[in-house]
**Student:** 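Let me give you the structure first, and then I'll get to my questions.
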Amino acid sequence: MDTGNWSQVTEFIILGFPHLQGVQTYLFLLLLVIYLTTIWGNLLIFLVVRLDSRLHTPMYHFVSVLSFLELGYTAATIPKMLANLLSEKKTISFSGCLLQIYFFHSLGATECYLLTAMAYDRYLAICRPLHYPTLMTPTLCAKIAVGCWLGGLAGPVAEISLVSRLPFCGPNRIQHIFCDFPPVLSLACTDTSINVLVDFVINSCKILATFLLILSSYVHILRTVLRIPSAVGKRKAFSTCASHLTVVLIFYGSILFMYVRLKKSYSLDYDRALAVVYSVLTPFLNPFIYSLRNKEIKEAMRRQLKRTGVLG
């Protein structure tokens, strides 16, 4: 297709929530509080797990890696969202938009792989307790964590490469709260069927495969727990999985509906609402889920606070 007479778009305008223009300041303050709480909560869990030797186990190793991951995952989108809420010119450069998409999707993929690794860890701990210490060694934990990061960082390269070659000649208004594949593809001045298909296949393989692996782990865990004779034993086994399972349901419940579909979009408000769940609320809730529902982390926090003199 001849693109010689087209003027290439150099920046995009992110519309965010256009129906809420009158409350931008309040939205900014709310999002700022959520973001600062997210940073503080995840950083606290990461440091507590790293500093307390009693939490140097595979399960908490993965929890600390997840908390560290959430710091980068939210940094990919929320600071720009905050800036746009107060700015008259809600723009982002073309290269900046692609970078935002890359880091958001690569870190999101890393989270999928990490949640899968955490489910496998719980499977080994509950279904194969006698072999667990020899199977889930510190070396293997480190290798799994590195593999999750490398797999995630390599994930969206093909999609980003395809998008970067598309012609964008206007309009340049992104109907979303941040740069993402579906709203950006809708602005291209050419057929994007191949891009949509590639995006669907990659996301389906990545999201559905990890979700099915997690589901398979919990099916085996459920079978094992139901064979435990005592009610106390059943509760103890389930309690080690409750936090992880809650995070999985919130995270996958939103990304499955958003990315595993061939249609470019449903309603714009539908997409924006889902984006808020997996980009803002899930990282915000994770520290509360893992701390409030976990006695060992709460006790470790108390020990660290006493050690630093905050608690007498």
**Student:** Working note: Ile14 + Arg173, criterion side-chain contact (heavy atoms from CB on, under 4.5 Å); need CA distance, chi angles, decisive distance, verdict.
**Tutor:** CA-CA 6 Å; Ile14 301 176; Arg173 295 173 176 268; over 6 Å; no
**Student:** Any chance you could measure Ser67, atom OG, to Ile297, atom CD1, to the nearest 0.5 Å?
**Tutor:** 7.5 Å
**Student:** Between Val157 and Ile160, is there a shared hydrophobic cluster once you connect ILVMFWY residues whose side-chain heavy atoms come closer than 4.5 Å?
**Tutor:** yes
**Student:** Ignoring hydrogens and angles, state whether a donor on the side chain of Asn195 or Asp199 is under 3.5 Å from an acceptor on the partner side chain.
**Tutor:**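 Short answer, no.
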**Student:** I need the Leu197 CG to Ser204 OG distance, nearest 0.5 Å.
**Tutor:**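 Leu197 atom CG to Ser204 atom OG measures 9.5 Å (nearest 0.5 Å).
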**Student:** Measuring from Ile221:CD1 to Leu226:CG, what's the distance to the nearest 0.5 Å?
**Tutor:**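 Result: 11.5 Å between the selected atoms.
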**Student:** Might you work through the side-chain contact (heavy atoms from CB on, under 4.5 Å) test for Leu135 and Leu140, ending with a clear yes or no?
**Tutor:** CA-CA 8 Å; Leu135 290 173; Leu140 179 60; 5.6 Å; no
**Student:** Nearest 0.5 Å, what's the CG-CD1 distance between Leu185 and Ile194?
**Tutor:**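 If we round to the nearest 0.5 Å, Leu185:CG and Ile194:CD1 are 12.0 Å apart.
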**Student:** Between Phe284 and Tyr35, does the ring centre distance come in under 6.0 Å?
**Tutor:**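 They do not qualify: ring centres at least 6.0 Å apart.
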**Student:** Under 30°, 30 to 60°, or over 60°: which ring-plane class applies to Phe178 and Phe104, parallel, tilted or perpendicular?
**Tutor:** tilted
**Student:** Between His56 and His61, is any pair of side-chain heavy atoms under 4.5 Å apart?
**Tutor:** no
**Student:** Phe12 versus Thr91: any side-chain heavy-atom pair under 4.5 Å?
**Tutor:** no
**Student:** Does the pair Phe181 and Val196 meet the rule for a side-chain contact (heavy atoms from CB on, under 4.5 Å), with working shown?
**Tutor:** CA-CA 9 Å; Phe181 284 121; Val196 173; over 6 Å; no
**Student:** Specify the closest pair of heavy atoms between Ile255 and Cys112, including all atoms of both residues, with the distance to one decimal.
**Tutor:**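 Taking Ile255 first and Cys112 second, the nearest heavy atoms are CD1-SG, 4.0 Å.
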**Student:** Quick check on Phe103: does its CZ atom have over 12 non-hydrogen neighbours (other residues, nucleotides or ligands) under 6.0 Å away?
**Tutor:** no
**Student:** In this structure, would Leu130 and Tyr123 fall into the same cluster of hydrophobic residues linked by side-chain contacts under 4.5 Å?
**Tutor:** no
**Student:** Indicate if Tyr259 and Leu208 have the same hydrophobic cluster label, given that clusters are the connected sets of ILVMFWY residues with side-chain heavy-atom separations under 4.5 angstrom.
**Tutor:**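 Same cluster: Tyr259 reaches Leu208 through Ile, Leu, Val, Met, Phe, Trp or Tyr contacts under 4.5 Å.
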**Student:** Can you give me the closest heavy-atom contact between Val184 and Phe168, atom names plus distance?
**Tutor:** O-CE2, 3.2 Å
**Student:** Could you check whether any side-chain N or O of Ser217 sits under 3.5 Å from a backbone N or O of Leu213, counting only pairs where one atom can act as donor and the other as acceptor?
**Tutor:** yes
**Student:** In this structure, which one of Tyr218, Phe62, Phe251 forms a ring pair (Phe, Tyr, Trp, His ring centres under 6.0 Å) with His244?
**Tutor:** Tyr218
**Student:** With heavy-atom distances below 4.5 Å as the criterion, would you say the side chains of Thr116 and Phe211 are in contact?
**Tutor:**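 Not in contact.
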**Student:** Using only atom types and a distance under 3.5 Å, with no angle test, would you say the side chain of Ser186 pairs donor to acceptor with the backbone of Pro183?
**Tutor:**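 Yes, the answer is positive, given that a donor and an acceptor are paired below the 3.5 Å cut-off.
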**Student:** Answer with yes or no whether the side chains of Tyr290 and Asn42 bring together a donor and an acceptor at under 3.5 Å.
**Tutor:**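 Not at all, the side chains of Asn42 and Tyr290 share no donor-acceptor pair under 3.5 Å.
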**Student:** Hey, which of Ile13, Leu15, Leu187 is the one that makes side-chain contact (heavy atoms from CB on, under 4.5 Å) with Ile174?
**Tutor:**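 The side-chain contact (heavy atoms from CB on, under 4.5 Å) with Ile174 is passed solely by Leu187 among Ile13, Leu15, Leu187.
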**Student:** Does any non-hydrogen side-chain atom of Arg50 lie less than 4.5 Å from one of Ser64?
**Tutor:** yes
**Student:** How far apart are the closest heavy atoms of Asp52 and Ala300, and which atoms are they?
**Tutor:** OD2-CB, 3.4 Å
**Student:** I need the minimum non-hydrogen distance between Asn286 and Val247, along with the two atoms involved.
**Tutor:**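 In terms of heavy atoms, the two residues are closest at OD1-CG2, 3.3 Å.
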**Student:** Does Phe94 have more than 12 heavy atoms from other residues, nucleotides or ligands lying within 6.0 Å of its CZ?
**Tutor:** yes
**Student:** Treat each ILVMFWY residue as a node, draw an edge where side-chain heavy atoms are under 4.5 Å apart, and state whether Leu150 and Leu69 are in one component.
**Tutor:** no
**Student:** Can you find a pair of side-chain heavy atoms, one from Val49 and one from Arg54, that are under 4.5 Å apart?
**Tutor:** no
**Student:** Given Leu44 and Val48, is the side-chain contact (heavy atoms from CB on, under 4.5 Å) satisfied, shown in steps?
**Tutor:** CA-CA 6 Å; Leu44 180 62; Val48 165; 4.0 Å; yes
**Student:** Distance check, rounded to the nearest 0.5 Å: Lys206 atom NZ versus Tyr113 atom OH?
**Tutor:**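 Lys206 NZ to Tyr113 OH: 6.0 Å, rounded to 0.5 Å.
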**Student:** Ignoring hydrogens and geometry beyond distance, is a side-chain donor-acceptor pair present between Tyr73 and Tyr278 at under 3.5 Å?
**Tutor:**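 Side-chain D/A pair, Tyr73 to Tyr278: absent.
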**Student:** Could you state the interatomic distance from CG (Leu82) to CG (Leu32), rounded to the nearest 0.5 Å?
**Tutor:**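 So the gap between those two atoms works out to 6.0 Å.
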**Student:** Can you give me the closest heavy-atom contact between Ser279 and Thr74, atom names plus distance?
**Tutor:**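 Closest approach of Ser279 to Thr74: O-CG2, 4.0 Å.
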**Student:** Taking Lys234 for its side chain and Val225 for its backbone only, find out whether a donor-acceptor pair lies under 3.5 Å.
**Tutor:**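 Here the side-chain-to-backbone pair does not exist.
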**Student:** Tell me the closest heavy-atom pair linking Gly152 and Ala109, and the distance in Å.
**Tutor:** CA-CB, 3.9 Å
**Student:** Just by distance, no angles: are the side chains of Glu159 and Tyr102 close enough, under 3.5 Å, to form a donor-acceptor pair?
**Tutor:** no
**Student:** Should Leu281 and Leu36 be regarded as members of a common hydrophobic cluster, given that ILVMFWY residues are connected when their side-chain heavy atoms come within less than 4.5 Å of each other, either directly or indirectly?
**Tutor:** yes
**Student:** Of Ile207, Leu274, Asn203, which is the lone residue that meets side-chain contact (heavy atoms from CB on, under 4.5 Å) with Leu256?
**Tutor:**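 With Leu256 as partner, side-chain contact (heavy atoms from CB on, under 4.5 Å) holds for just one option, Ile207.
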**Student:** For Tyr132 and Asp121, test the side chains for any donor-to-acceptor distance below 3.5 angstrom and give the result as yes or no.
**Tutor:** yes
**Student:** Indicate whether the side chain of His105 and that of Asp180 have a donor and an acceptor atom separated by less than 3.5 Å.
**Tutor:**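 Yes, Asp180 and His105 have a side-chain donor paired with an acceptor closer than 3.5 Å.
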**Student:** Can you check whether Met136 reaches His131 side chain to side chain, under 4.5 Å on heavy atoms?
**Tutor:**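 Side-chain contact under 4.5 Å: no.
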**Student:** So do the side chains of Ile289 and Ile250 get within less than 4.5 Å of each other, counting heavy atoms only?
**Tutor:** yes
**Student:** Are Lys89 and Glu11 packed together at the side-chain level, in the sense that at least one heavy-atom pair is separated by less than 4.5 angstrom?
**Tutor:**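 The answer is yes, as the side chains (C-beta and beyond) meet within the 4.5 Å cut-off.
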